[in-house]
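For reference, the structure is listed below as structure tokens.
The basis for the numbers below is simple: all heavy atoms, side chains too, and nothing from hydrogens, waters or symmetry mates. Residue numbers begin at 1 in each chain, while the letters A, B, ... track the order of the sequences.
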Protein chains: 2
Amino acid sequence: MVQWYGGCWNGTTIFAKKNFMEHREAHLEHLEEDQRFLPSVSIDCVIFGFHDNQLKVLLVRFRNTSLWALPGGYIYLSEDMDSAANRILEERTALKGVYLEQFYAFGQRERVDQSVQRAIAEAINKSISSDHWISKRFITVGYYALVDFLKAIPTPDGSSDICDWCSLDALPPLVFDHAVIVQKALEMLRLRLNNNLIGSNLLPETFTMQELQSLYETILGEKLLRTNFHRKMLSLGILERVEKKFSGRAHKAPYLYRFKEQKEERLFLEKVF
Amino acid sequence: MVQWYGGCWNGTTIFAKKNFMEHREAHLEHLEEDQRFLPSVSIDCVIFGFHDNQLKVLLVRFRNTSLWALPGGYIYLSEDMDSAANRILEERTALKGVYLEQFYAFGQRERVDQSVQRAIAEAINKSISSDHWISKRFITVGYYALVDFLKAIPTPDGSSDICDWCSLDALPPLVFDHAVIVQKALEMLRLRLNNNLIGSNLLPETFTMQELQSLYETILGEKLLRTNFHRKMLSLGILERVEKKFSGRAHKAPYLYRFKEQKEERLFLEKVF
DNA sequence: AACCAATGTATCAATTTGGTACAATGGTAC
DNA sequence: GTACCATTGTACCAAATTGATACATTGGTT
């Protein structure tokens, strides 16, 4: 069990460990063949999950260090930037086709601390010269993803030994400007909280009103009145009640709900809260 | 007077022509010294102005062609990406410190049509080899700017002979994916229409309620009820009435308004409409 | 002086929201 | 079984917001 400020949760499985080795090989290959990547541009993914009434973010830790970072990567010359982001996401979670959205490009001149960069390279046993492609200046394009916490299989890449969930409110220190990137991702997520996109991607197929409200509260960072939330959600007409009831702990059993199939047009501008 | 689908307006002045020559020199210099730019990344600016109750966008036309494009440029290794965007904006408008915000990065593999790229290079008398830095793959980071239409001085760069305003609803065909970029800029602008950021940057110091409403309607793409708009705007408490009245054409003279000085904190999430 | 269209304001119904009350319920304790 | 209880679903009311219409004001035209 990985612990970090009490926030991490170990999702690594045997299956993940197998993938880990595969990707490690692939990664070493990349370093030799940097010509295949678009120079100066990297991608970083803020992968959100929801569990225990908390927003989680997927992080990797570089091998032989205690340095945490967002899962990231580079763009092959032959692929679209969005495809690259999808590939990176899939490599870390083993999930295909999940909700993924670009939210901002980070271009500060000094955003990558070169001494940290070197420390990482040395720790993973790569001596890189000062004109190595990786030590050149990069801008990074941020994507956030919304994934089903239980379905994702966190999988380290060749430069990391851990890939795991961390609670958003107890993140370890992150390398470079990654803390800023997470913050911005959350901001953009709030800005786009409307319509059902958020819930239907962060929650399992069916869920209780309580879980849905807790998700909203977590993202918005404020408490909502239970009864009014209930009313509002039902009035939007995007939920349907699953007729089976819940059976678990004490007290009254809540209904389960699921999101209705959506028409393609998005009500992107409608405000919910 | 530049005409294009009836939408263009010629803002070029004698002052602008002087700047034009200066920048042309600067640009030629750049082409030789491509080492000074960050590879693979360009910037394109969607510069919005408001005039005649219409949203305008600043465009450039490449020399000896009829090809229109967004004003753009590259990032010096020594400058932040945001600074580069500011510099590009200033070069085309002679305006400093205007409202400028990054909105999206465009990374499709084939987003730049190489045959068009070559045609432009030839037209401005540059023969570029297929491995010239400019013919490599680029992602472009989009920024939108909100400027006072009357204060901007549209100024072509070295590769263009015209820099001018075009009505958003009568744009000429644009090169590459620039039409998509404009569309996305508008979308993001709508998403962020809240608080007074928009108005205070697209309108002159003082303005009538009618002008403000017209701006909102243009950006949102829908009609609003005059009386309710009036009420809402006043209730937000962000306007102050300038005691002088208006004196112009026929009928009753409207009050003039201006935006109050804003506290630094932004009410970014508050919905207005 | 009569008129007119644009402007500022008032008003009212419909809707939405914030907040409280209360009945229903599925389990626990005894 | 019965009393109890925290949680859930729903009802309800007052306050605030919004949609829509009416109307008084006014600067200039004819």
Subject >> Between dA15(D) (P) and Leu225(A) (CG): distance, integer Å >> reply: 17 Å
Subject >> Nearest-angstrom distance from the residue atom CZ of Phe229(B) to C1' of dT21(D) >> reply: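 Atom-to-atom, Phe229(B) to dT21(D), this comes out as 19 Å.
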Original post:
Which residue pairs satisfy the salt bridge (charged side-chain N to carboxylate O under 4.0 Å, His left out) criterion with at least one member in residues 140-154 of chain A, sequence neighbours excluded?
Top reply: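 As it turns out, the salt bridge (charged side-chain N to carboxylate O under 4.0 Å, His left out) pairs with a partner in residues 140-154 of chain A, which skip direct neighbours, are Asp148(A)-Lys151(A).
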Original post:
What residues form a ring-ring contact (aromatic ring centres under 6.0 Å, His included) with Tyr143(B), not counting sequence neighbours?
Top reply: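 Listed in chain order: nothing, the list is empty.
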**OP:** List in chain and number order the residues that pass ring-ring contact (aromatic ring centres under 6.0 Å, His included) with Phe106(B), two or more places apart in sequence or in another chain; answer none if no residue qualifies.
**Re:** Tyr104(B)
Original post:
Listed by chain and number, what are the side chain to side chain donor-acceptor pair (under 3.5 Å) partners of Gln108(B), not counting sequence neighbours?
Top reply: Asp80(A)
Subject >> Partners passing side chain to side chain donor-acceptor pair (under 3.5 Å) against Arg226(A) (at least two apart in sequence or in another chain) >> reply: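 Arg226(A) satisfies side chain to side chain donor-acceptor pair (under 3.5 Å) with no other residue.
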Between the protein and nucleotides 9-11 of chain D, are there any N/O to N/O pairs under 3.5 Å, and if so, what are the atom names and distances?
| residue | atom | partner | partner atom | Å |
| --- | --- | --- | --- | --- |
| dG9(D) | OP1 | Tyr255(A) | N | 2.7 |
| dG9(D) | N7 | Arg226(A) | NH1 | 3.0 |
| dG9(D) | O6 | Arg226(A) | NH2 | 3.1 |
| dT10(D) | OP2 | Arg241(A) | NH2 | 3.1 |

Original post:
Can you find a side chain N or O atom of Lys232(A) that sits less than 4.0 Å from OP1 or OP2 on dT17(C)?
Top reply: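 It does, given that an N or O in the side chain of Lys232(A) lies less than 4.0 Å from OP1 or OP2 of dT17(C).
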